[in-house]
Amino acid sequence: MLTFVSLSKKMTTLYVSPHPDDFRSLLALITAEFCSSSRPVTITEDPPASLNAHSRPNLVLGAGEGGSILSGASSVSWYLAAQAKRAGVGTKQQSQVWQWLSFADNELTPVSCAVVFPLMGVMGVDKKLQQSSRAELMRVLKVLNQTLEPRTFLVGESITLADIAVATAVLLPFKYALEPSDRLSLTNVTRWFTTCINQPQFLKVLGKISLCEKMVPVTLKTNAATKAANGTPAADSASAAANGPPKTEAQLKKEAKKKEKLEKFQQKKEMEAKKKAHPQAEKKAKPEKKDLGVITYNIPTPAGEKKDVISSLPDSYSPQYVEAAWYQWWEKQGFFKPEYGRKSITEQNPSGIFMMCIPPPNVTGSLHLGHALTNAIQDSLTRWHRMRGETTLWNPGCDHAGIATQVVVEKKLMKERGLSRHDLGRENFIGEVWKWKNEKGDRIYHQLKKLGSSLDWDRACFTMDPKLSYAVQEAFIRMHDEGVIYRSKRLVNWSCTLNSAISDIEANKKELTGRTLLPVPGYKEKVEFGVLVSFAYKVDGSDQEVIVATTRIETMLGDTAVAVHPDDPRYQHLKGKMVLHPFCDRKMPIVFDDFVDMSFGTGAVKITPAHDHNDYEVGVRHNLAFINILDENGLLINVPPPFLGMKRFEARKAVLQALKDRGHFKEIKDNPMVVPVCSRSKDIVEPLLKPQWYVNCTDMGKQAADAVREGRLKIIPDHHLKTWFNWMDNIRDWCISRQLWWGHRIPAYFITVNDPSVKPGEDVDGHYWVSGRSEEEAREKAAKRFNVSVDKMTLRQDEDVLDTWFSSGIFPFSIFGWPNETEDLNVFYPGTLLETGHDILFFWVARMVMMGLKLTGKLPFKEVYLHAVVRDAHGRKMSKSLGNVIDPLDVITGISLEGLHDQLMDTNLDPLEVEKAKQGQKSDYPNGIPECGTDALRFALCAYTSQGRDINLDVNRILGYRHFCNKLWNAVKFAMKTLGDNFVPSEKAQLCGEESVSDRWILSRLCAAVGLCDAGFKAYDFPGITTAIYNFWLYELCDVYLESVKPVISKAEDSTSQRQVLVCRQTLYTCLEVGLRLLSPLMPFVTEELYQRLPRRRPQSDPPSICVTSYPDAEEFCWHNEEVDRDMDFVMSVVKTIRSLRADYNLTKTRADCYLQCIDCTTVSLVEKYSLQIQTLSYSQAIIPLMDNQPVPEGCAVAIASDRCTVNLMLKGLIDVEKEIAKLLTKKGDLEKQMEKLREKVAKNDYKEKVPVKVQEQDAEKLRQSQTELEKVKEAMDNFSKMM
């Protein structure tokens, strides 16, 4: 509590705590440094007896101890800041500074202390509480981070008390808790904080601050001042002398113990006497903690029929009840189709067209949080555009997922029938895949419906559908005919287990810090990686040698050169020389190439052109031999015995031993490295030379980069532009061949001409390949090319299929029937927006842009919005082995801890990983995951979507939004009761001119929320949207307006007050109806359920569902009233101060009179105008405004509400003062005894030598805490004494 006594112009003494981390005292000290001419005298010792009742910092105004006193960090710093002209310029800035001071005190300080105090030993460590506090601290700081983005300081252009207060509130977290990774996500806050602490005034008080490197328990230096005792040994001695000869220490202790025992005995006797006089009443049973209620919808409703909305609403919100039946009705009504509400999609719509296609999930896939995030964002955007009246299409689709699907079906065949795909043959195997797809492939569509996704299911596409397959074939043929697709033999990422090339996105990069044993499919023992083997090649014709090193020693069998840097002086004499291969008669040149790093190792590098991407380029430049030593299964070929036919990693051991036997081995050492691992098969990926089909991306990449540079394509957020340009400007050709059976078979044919005049072609020669829509078309093309008759042609179709990303690249137009000119293609292509995760910016987004421009001459969309990647609450990547992968359906419906454990048994994790994952689940979800519902999950995901790279998702926060749904539910139920059965809303939402100040204020706040939501959707600022809606419903409508109008509605007696009730009801209806529409895109189920219960403004013409009702528009809701907002901000600051005082004195049900001391007549008028609101919201008996010079009755508790108003709450007669003082006296005695014991312990001669430092620090901290508590007890006693 802040105590504001009286003010004097002359500032004298500032009493502060000596503790180096007492941020409240530091706030006062730093502010004092800005008072250049009137800086107070600073004292860190205990204040004089007259000030004992006041907690530090204290400011004594005037000379000596009799001066007026300011107490509490906020009031002291405010006074000092005003003296130093740091409290803001003008009333607006001063109000902003005061709000920031309040933010520091109420928002930042509690959560900062909860995070840091356990580290400092001030309070016990509760890991779960600390983690949740840390997450809350990061949330608050991220809000601050957003605020600071365009600013140097919080208020105005120079440092103010706002900066000093907030900086000292976050000082301890920056020193002890915010690690470098945290600060990286808080760039604006960190920049601002660093600016503040480097101000001369900060430096003088704090010195140079070291920011936290790792969050660990803090060892604080004990400050001698904290050990200062109230009494001194000298005083004790004087007292003893007056009562006879001095007693020994042992005698004094014995007497103290005897006295303590006697007191305890006396207390026990008194308690027994009381019990006999007043037999104990039977203990009341503690009410059981209420579980989240599960209420189900049991009214029979045929699928697709409208849900019953006549029955009364259940008592509380239950997701199962709310989410039942609505989706099927929406779908059957055709609300999700662009044709809804119009004769034809070609009909001109002045509101415009919105088209977006879903990033097609894999047909094998199951819903994960990444999908949930994508769909929450996309569906919110789609629903918003639809409600704006645009012709809206969100097109669903599913990807055939070549490798993933083939692997699933192959495993199924082997498990159930013991057959491989080769046993069945290609045609029969593809039949099995289609059979599996038709049985299981729709699962993800059902899951998307569970999320409420408003997709037009009649337009759903599968990438292997005939329509899309035809488009894929056409795209390949056109690009091949143009020469953009060509045949070449190059290095590819090869999976020996899958016998196929894989894309970069399917090759996970596993980082190793050194020697590591990894499991590899097909090997019983784990294989060693993360070591660097050095060996020597002998120089031909001399006794010299060149030492090289490699992490893949088996590849030396395919070496064809050694490379050194042209400027390396160590090897100049070896120009033109050869080295000898130790296992064959191969002579290899020493080549000079700029790519070699002279400073790494010996500066000499072995070159294996056929098995390394860098070496491949060197091989091309120097025309070296390309010797392939691996076949498709990972067995060694083209090598001498005994290595011929060996498995690659068995050869690794054999080659190393052979080098040792021949004296070529030098050393082996740990080496940090990255190992490419196939995400599908977990095999180690090998670079392998294979003839494949490639797309020449040079020109297409330039066009894609130019589209962004010229502003024709916008990428949001723009921090991804650097990545985009880096990829597009340095793009490599794209390998599109995959050695699979499931997928789009490449429509290319190898030509054999049965004519001796035409020489036979080679596989890599593009001249001998032709593409066609059918074999007949291809044959005709080939005959024309070689100028021979068709009957002399033999064609062989390529066995390979196209990379899945090829069909995904043309998805935005193939779904509309391209290359045919269809109505859908003309209306919906190009699309409006592409929304997806930033991790597939290159693999999918770039390819769609390139192929769209190439094949249609148009960009496939105008904007790309990239959302963040979902991580767990601790910021870790989602991983099955950590047990932190969350199925969104488990969040929606809830799951027990045992259920989570059971899911781990269905994975391929080894027993050790399963155990580790179980521990992770137990730690994060000790009671499982409660049922949160779809709406809460969607809202939480959107609230988390800051435009960054990562989202740390805490399930507890999702549960918080389920409670928000319940608050919404109860608010609408109460409001409907208030409206009454016969209420008829006006035909249009508008002001009638008779609105009360409460009505005008809530309508102003509603308009502000409408404006924020409108701006938020346009800027893809989802946290801005969720915050605006949440604050309106919870903090403005429920907490303030509904409470403030209760007396208006309950006391309507005369015609004037009854008219006021009618106006109030219209206002309330507008808030409900508009508020639900604002929320509908994010929470479609609960808003539909509640909206259907409200009466309509125009029942005959209003749309049947909230999802096709218009979204509130800022032009329509334009009643924003800054004056009323400003007045209510003042009113709420007064209300919060009164509530805080009531809580301090435990006035839960008792109403007290409240005297508000106002600085001027204007403030008095304002208090009188809003007295009913203040009285109602603060639960006060009466509100009495006073001028500053009017006396306040005795017996009041005092606190500052703002610079314009001081709250005086009358306590006299409301509390039993004597009883409260008696309680405090007991507390005071207990504290003094504890402190005395501690002082005795610390005063012992051998204490410092025998007691561990950590225990000494704990003792000092306990003493400091007890001292602080004692001061608070004395302060409270002093306040109560004044009331007697």
Side-chain angles (χ1 to χ4, degrees), residues 1-6 50-55 68-72 75 270 274 277-278 281 284 1043-1044 1046-1047 1050-1051 1131-1159 1163-1164 1166-1168 1170-1202 1204-1230 1269-1284:
M1 187 185 75
L2 306 181
T3 310
F4 199 152
V5 188
S6 61
S50 60
L51 292 183
N52 272 353
H54 302 278
S55 60
S68 300
I69 304 152
L70 270 177
S71 190
S75 53
E270 285 172 8
K274 275 184 184 177
H278 307 285
K284 283 186 181 178
E1043 292 301 319
S1044 66
K1046 281 177 182 176
S1050 61
K1051 294 174 185 174
V1131 167
M1132 289 314 296
S1133 71
V1134 172
V1135 168
K1136 284 171 185 172
T1137 307
I1138 299 171
R1139 285 176 179 173
S1140 177
L1141 278 174
R1142 289 177 59 81
D1144 284 347
Y1145 292 98
N1146 203 25
L1147 298 178
T1148 48
K1149 292 181 180 177
T1150 313
R1151 289 178 180 266
D1153 288 341
C1154 193
Y1155 296 87
L1156 301 182
Q1157 264 185 311
C1158 303
I1159 199 166
T1163 312
V1164 170
L1166 195 59
V1167 169
E1168 288 170 344
Y1170 288 92
S1171 61
L1172 178 61
Q1173 284 81 4
I1174 297 171
Q1175 182 187 345
T1176 306
L1177 296 171
S1178 66
Y1179 204 72
S1180 295
Q1181 181 66 31
I1183 300 297
I1184 303 107
L1186 301 172
M1187 282 297 291
D1188 206 17
N1189 55 3
Q1190 289 180 273
V1192 177
E1194 286 187 1
C1196 288
V1198 186
I1200 298 169
S1202 79
R1204 299 162 61 193
C1205 180
T1206 302
V1207 172
N1208 299 268
L1209 189 69
M1210 178 55 74
L1211 299 179
K1212 203 170 185 178
L1214 297 180
I1215 54 176
D1216 188 334
V1217 176
E1218 288 181 359
K1219 190 178 173 184
E1220 294 297 326
I1221 289 177
K1223 278 187 203 171
L1224 290 168
L1225 270 170
T1226 307
K1227 178 79 173 169
K1228 179 174 174 279
D1230 291 343
E1269 211 173 331
L1270 186 64
E1271 285 174 6
K1272 286 185 176 178
V1273 167
K1274 287 177 180 177
E1275 180 184 351
M1277 285 173 66
D1278 186 57
N1279 282 340
F1280 283 128
S1281 297
K1282 289 175 184 174
M1283 297 177 197
M1284 291 178 73

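- Remark: Gln1181 CD to Cys1154 SG distance equals 11.5 Å, nearest 0.5 Å.
- Summarising the geometry, atom CE belonging to Met1277 is positioned 9.0 Å from atom NZ belonging to Lys1274; distances are rounded to the nearest 0.5 Å.
- Going from atom OG of Ser1180 over to atom CD1 of Ile1138 covers 4.5 Å, rounded to the nearest 0.5 Å.
- Shortest non-hydrogen contact noted between Ser75 and Ile1200 is CB-CD1, 3.6 Å.
- With a 4.5 Å cut-off on side-chain heavy atoms, Ile1183 and Glu1168 do not count as touching.
- Side-chain atoms of Arg1142 come within 3.5 Å of backbone N or O of Leu1147 as a donor-acceptor pair.
- Gln1157 has its side chain out of reach of Val1207: every pair of non-hydrogen atoms, C-beta onward, lies at least 4.5 Å apart.
- Counting heavy atoms from C-beta on, the side chains of Thr1206 and Thr1137 never come closer than 4.5 Å.
- At least one donor-acceptor pair under 3.5 Å links the side chain of Thr1176 to the backbone N or O of Leu1172.
- In this structure, Met1210 and Pro1193 approach most closely via the heavy-atom pair CE-CB, 3.6 Å.
- Under a cutoff of 6.0 Å and an axis angle of 45°, Arg1151 and Tyr1179 form a cation-pi pair.
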Going through the checks in order, is the side chain to side chain contact (heavy atoms under 4.5 Å, CB included) test met by Val1135 and Gln1173?
CA-CA 9 Å; Val1135 168; Gln1173 284 81 4; over 6 Å; no
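- Using a 4.5 Å cut-off on side-chain heavy atoms (C-beta onward), Lys1227 and Glu1269 make contact.
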Go through the steps for Leu1166 and Arg1204 under the test side chain to side chain contact (heavy atoms under 4.5 Å, CB included), then give the verdict.
CA-CA 11 Å; Leu1166 195 59; Arg1204 299 162 61 193; 3.5 Å; yes
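- Distance CG/Asp1230 to CG/Leu1270: 11.0 Å, rounded to 0.5 Å.
- Contact of the Leu1156 side chain with the Leu1186 side chain is not registered, since no non-hydrogen atoms from C-beta on lie closer than 4.5 Å.
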May I have the step-by-step check of side chain to side chain contact (heavy atoms under 4.5 Å, CB included) for Cys1196 and Leu1209, ending in yes or no?
CA-CA 5 Å; Cys1196 288; Leu1209 189 69; 5.9 Å; no
List the steps and the verdict of side chain to side chain contact (heavy atoms under 4.5 Å, CB included) for Cys1158 and Asp1188.
CA-CA 5 Å; Cys1158 303; Asp1188 206 17; over 6 Å; no
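- Ile1184 is not listed as a side-chain neighbour of Val1167, based on a closest heavy-atom distance of 4.5 Å or more.
- The CG atom of Leu1211 lies 10.5 Å from the OG1 atom of Thr1150; values are rounded to the nearest 0.5 Å.
- Across all non-hydrogen atoms, the minimal contact from Met1187 to Ile1159 is CE-O, 4.4 Å.
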